[in-house]
There are 2 protein chains.
Amino acid sequence: MTKRPFADALEKLRAVGLRPTRQRLALARLLFENGDRHLTAETLYEEAQAAEIRVSLATIYNSLHQFTEAGLLREVAVGASRTYFDTNVSDHHHFYYEDCGRLVDIAGGDVTVDCLTQAPDGTEIARVEVIIRVAGTPAA
Amino acid sequence: MTKRPFADALEKLRAVGLRPTRQRLALARLLFENGDRHLTAETLYEEAQAAEIRVSLATIYNSLHQFTEAGLLREVAVGASRTYFDTNVSDHHHFYYEDCGRLVDIAGGDVTVDCLTQAPDGTEIARVEVIIRVAGTPAA
DNA sequence: GTGATTGCAAATCTTTTGCACTAAA
DNA sequence: TTTAGTGCAAAAGATTTGCAATCAC
């Protein structure tokens, strides 16, 4: 990590043109100071409460979407029950542990996808998403 | 298709041990008589109403899940807004048109996935799901 | 008959929205 | 000051649940 957590979060927000409010700064620190993470709005909300950060659930949702739009987060679609956000925005894929609902990154280079079928005219590929669904729970 | 739609639906339900009620038979016919389809509970409900089939939304949900558990349908996770069900249960993947929300099958053989990372001990791969997200709307 | 299935309406859960209040520039 | 951002509480949308009525066997 870094030794200037506050300054880093500030810079991160400024870089994408988001006004660095108290809430956004605090959430950015929770999100980005602890390496690659996968979390839901509810998870982040609980973390914020545990850290005594005063922020509403509505603001959590707002921030998650703004961060995503700004490219600081990525949405991962695993199912219809809730939305996961990934702090790792580099090109990579996921294991999804169906029994515990956990997501685990697979490094981008470790998965190769070859598709013989073209996207139709007038369209272009936005992203290729691979989810490897796993039964059972990882030891970790 | 076939020339015995009713008998086929009946057989399909019997084969998986689901009691062939009026509702399940009618839904099975809607689902399986028209080739490969991707639909949501709401979509199927509207179709049923259009076809003058008396069935409640709760029963639609029940049936979709029972059919899925029985292996007659497959759930496709594209996002958190709603659940899609696919009548094609063979090994294949999907294009997802983000602008119109449509799913299109990609034949199983047309996508190759190579993963160098193993699933952890004590777990096993249930399914590999590839979704190619496409911006724009297909001509069709 | 008897247990499975259905329909309805209410409940639940996640996410969004409207709007008055607060804070950043 | 001026505009963007926040919190609250209500609304919305998808799905589930409880339970009495109905149906398949």
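This one's a predicted model, so the numbers in the text were calculated from it and none came from an experiment. All chains are named by letter (A, B, ...) in the order of the sequence lines, taking the proteins before the strands, and each is independently numbered beginning at 1. Hydrogens, waters and symmetry mates play no part in the numbers below; they use all other heavy atoms, side chains included.
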Original post:
Under 4.0 Å between a side-chain N/O of A/R24 and OP1 or OP2 of D/dG5, yes or no?
Top reply: yes
Original post:
How far apart are the C-alpha atoms of A/H38 and A/N88, what are their side-chain angles, what is the distance that settles it, and do they pass the side chain to side chain donor-acceptor pair (under 3.5 Å) test?
Top reply: CA-CA 8 Å; A/H38 304 93; A/N88 178 352; over 6 Å; no
Original post:
Is A/E75 atom CD crowded by more than 12 heavy atoms from other residues, nucleotides or ligands, each under 6.0 Å away?
Top reply: yes
Subject >> Interatomic distance, B/I60 CD1 vs D/dT16 P [rounded to whole Å] >> reply: 13 Å
**OP:** Please state how far atom OH in A/Y45 lies from atom P in D/dT6, giving the value in whole angstrom units.
**Re:** 14 Å
Original post:
Would a 4.5 Å heavy-atom cut-off, applied to side chains only, mark B/T43 and B/Y84 as touching?
Top reply: no
**OP:** Verify the contact: side-chain N or O of B/T21 to OP1 or OP2 of C/dT6, cut-off strictly under 4.0 Å; return yes or no.
**Re:** yes
Original post:
Are side-chain heavy atoms of A/D105 and A/H94 found at a separation under 4.5 Å?
Top reply: yes
**OP:** Give me the bend of the helix from C/dG1-D/dC25 to C/dA25-D/dT1, using the axes of the five pairs at each end, rounded to 10°.
**Re:** 30°
Original post:
Quick one: on DNA chain D, does B/R22 or A/S63 contact a more 5' nucleotide (nearest heavy atom)?
Top reply: A/S63
Original post:
Are A/D86 and A/L73 close enough that some pair of their side-chain heavy atoms sits under 4.5 Å apart?
Top reply: no
Original post:
Think A/T59 has a side-chain N or O under 4.0 angstrom from the OP1 or OP2 of D/dG7?
Top reply: yes
**OP:** For A/R14 and for A/A41, locate the closest nucleotide of DNA chain C by heavy-atom distance; then report the residue assigned to the nucleotide nearer the 5' terminus.
**Re:** A/A41
Original post:
Do you know which of A/I132, A/I131, A/D110, A/V130 makes side chain to side chain contact (heavy atoms under 4.5 Å, CB included) with A/H93?
Top reply: A/V130
Subject >> Whole-Å gap separating P (D/dA10) and CG (A/L57) >> reply: 15 Å
Original post:
Roughly, in whole Å, what's the span from CD in A/Q66 to P in C/dT16?
Top reply: 12 Å
**OP:** Using whole Å, report how far OH of A/Y84 lies from P of C/dT14.
**Re:** 11 Å
Original post:
A/R19 CZ to D/dG5 P: how many Å, rounded?
Top reply: 5 Å
**OP:** Output yes when at least one side-chain N/O atom of B/Q23 is less than 4.0 Å from OP1 or OP2 of C/dG7, else no.
**Re:** yes
Original post:
Roughly, in whole Å, what's the span from NE2 in A/H65 to P in D/dA4?
Top reply: 21 Å
Subject >> Length of the line joining B/Y61:OH and D/dT15:C1', which is rounded to integer Å >> reply: 5 Å
Original post:
Just to confirm, is there a sub-4.0 Å distance from OP1 or OP2 of C/dT6 to any side-chain nitrogen or oxygen of B/R54?
Top reply: no
Original post:
Does the side chain of A/L31 come within less than 4.5 Å of A/L39's, by heavy atoms?
Top reply: yes
**OP:** Name the nucleic acid region contacted by A/T83, choosing base, sugar-phosphate or nothing; use a 4.0 angstrom heavy-atom cut-off, strictly under.
**Re:** sugar-phosphate
